[in-house]
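Computed over heavy atoms, backbone and side chain alike; hydrogens, waters and symmetry mates excluded.
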Amino acid sequence: MLVKEIMSEDIHYIHVPGNRANALELMRDKNVSGLPVVKKGTKEIVGVLTRTDLVENPDEEQIALIMTRNPITASPDDDVKEIADKMMENNIRRVPITENGALVGLVTASDMINNALWKMEVKDPVEDYMLRNIPTTWERTPLNVAFGIMRYFNLKVLLALNNEGKLSGILTETDFIDESEVVSERTVHNTSVGTEGDKWSWDSKSVLYVIKNHLKFSDKEVRDVATPDPVIATTKTPVQECANKMKQKKIEQIPVIDVEGDLVGLVRAIDLIRAISD
């Protein structure tokens, strides 16, 4: 199977120069988590911008200072397995497709699941591909604390547990962004430097004002924002069946439970892509 058979040709992109507000508005409007970046007036690919880039750089306004430069790309005539290898090796979820340096398409982890993997008879159990070290939190946790937990694990998803320790919901990076805003905070730093001479000398003081942007979250708790009753898989669910669930529900991650119903893992689209790469 070739890349041109599964790539999206009707793609959304942003150009440089540009700013974060326009990028975030486009992501929300089109319900995408990342955008190729091209030079203004052309389709020459110069970078990729993701929601994570925006979250991790609240002080930067210009896309050129936030985006990932020199992105991994592929050709329409490459084999799908080559795309899978690139995604796994570079831990990325989208690959711009170019011809002579010009953007002609995009392949995302969802494209790999929706247009390729679900058709393949991969009977390996999900437990062979799932993450076992997963971020969880109590459903009554404040959002700002929950966001810190998610970032600590360097993932884009967080699972909520109820008072019995059972899975009660799932949050994605998008949920956190929708419940936050970038605010500016000014801090004052005083420094005192004693002058030479006797103890009665006047001290000289300097005042430094530092203005820094950061994300401020609403006062909601995890349970107020999490998607309840998430789609689940068991450790023995075949990869093909799991890929089909992702395709039908338009999701990129599924919690995994054992035969007793206890949460034991998480499988993401990028994890299942390894079945193509293997």
Around atom [atom1] of [X], are there more than 12 heavy atoms of other residues, nucleotides or ligands at under 6.0 Å?
X	atom1	answer
D77	CG	yes
N31	CG	no
K123	NZ	yes
K43	NZ	no
E5	CD	yes

Item checked: Candidate pair R28 and D178, rule salt bridge (charged side-chain N to carboxylate O under 4.0 Å, His left out), full reasoning -> CA-CA 9 Å; R28 284 174 169 164; D178 289 344; 3.5 Å; yes
Please confirm whether the backbone N or O of [Y] pairs with a side-chain atom of [X], one donor and one acceptor, at under 3.5 Å?
X	Y	answer
E241	P238	no
R69	A64	yes
D29	E25	no
N114	S110	yes
R20	E60	yes
N100	A102	no

If hydrophobic clusters are built from ILVMFWY residues whose side chains come within less than 4.5 Å, do [X] and [Y] share one?
X	Y	result
V222	F153	yes
M27	V157	yes
V95	M7	yes
M87	Y129	yes
M112	M1	yes

Margin query: With side chain to side chain contact (heavy atoms under 4.5 Å, CB included) as the criterion, how do R268 and E252 come out once you've worked through the C-alpha distance, each side chain's angles and the decisive distance to 0.1 Å?
Written below: CA-CA 6 Å; R268 305 164 298 167; E252 288 194 19; 6.0 Å; no
Heavy-atom pair of closest approach, residues [X] and [Y]:
X	Y	value
K245	A233	NZ-CA, 4.3 Å
P135	L155	CD-CD1, 3.5 Å
I232	I257	CD1-CD1, 3.5 Å
P125	T235	CB-O, 3.4 Å
L167	P230	CD2-CG, 3.7 Å
V126	T234	CB-O, 4.1 Å

Point-to-point distance, once rounded to the nearest 0.5 Å, from [atom1] of [X] to [atom2] of [Y]:
X	Y	atom1	atom2	answer
K156	L158	NZ	CG	14.0 Å
I273	D85	CD1	CG	11.0 Å
N163	E139	CG	CD	6.0 Å
L117	L272	CG	CG	6.0 Å
L65	N19	CG	CG	12.0 Å
D53	M67	CG	CE	10.0 Å

Looking only at side chains, do [X] and [Y] share a donor and an acceptor under 3.5 Å apart?
X	Y	value
R223	S168	no
R94	S33	yes
T52	E173	yes

Next item on the list: Dump the intermediate steps for side chain to side chain contact (heavy atoms under 4.5 Å, CB included) on I177 and L24, then the final yes or no.
Entry: CA-CA 10 Å; I177 291 177; L24 185 55; 4.1 Å; yes
Next item on the list: Determine the sole option in T237, I254, V267 for which the side chain to side chain contact (heavy atoms under 4.5 Å, CB included) test with M130 is passed.
Entry: V267
Check: Which of these passes side chain to side chain contact (heavy atoms under 4.5 Å, CB included) with V231: Q248, M246, K249?
Finding: K249
Checklist line | Residues forming a salt bridge (charged side-chain N to carboxylate O under 4.0 Å, His left out) with E179, sequence neighbours excluded | finding: K220
Side chains of [X] and [Y] in contact at under 4.5 Å (non-hydrogen atoms):
X	Y	answer
L263	L161	yes
S218	L143	yes
N115	V80	no
E127	K236	yes

Check: Where does the angle between the aromatic ring planes of F217 and F147 fall among parallel (under 30°), tilted (30 to 60°) and perpendicular (over 60°)?
Finding: tilted
Margin query: Would K4 and D78 count as a salt bridge (charged side-chain N to carboxylate O under 4.0 Å, His left out) here? Give the steps.
Written below: CA-CA 8 Å; K4 60 186 176 184; D78 288 344; over 6 Å; no
Margin query: Run L26 and N22 through side chain to side chain contact (heavy atoms under 4.5 Å, CB included) and show every step you take.
Written below: CA-CA 6 Å; L26 182 59; N22 291 338; over 6 Å; no
Next item on the list: Start with the C-alpha distance between V145 and T137, add both sets of side-chain angles, then the distance that settles side chain to side chain contact (heavy atoms under 4.5 Å, CB included), and finish with yes or no.
Entry: CA-CA 9 Å; V145 177; T137 191; 5.8 Å; no
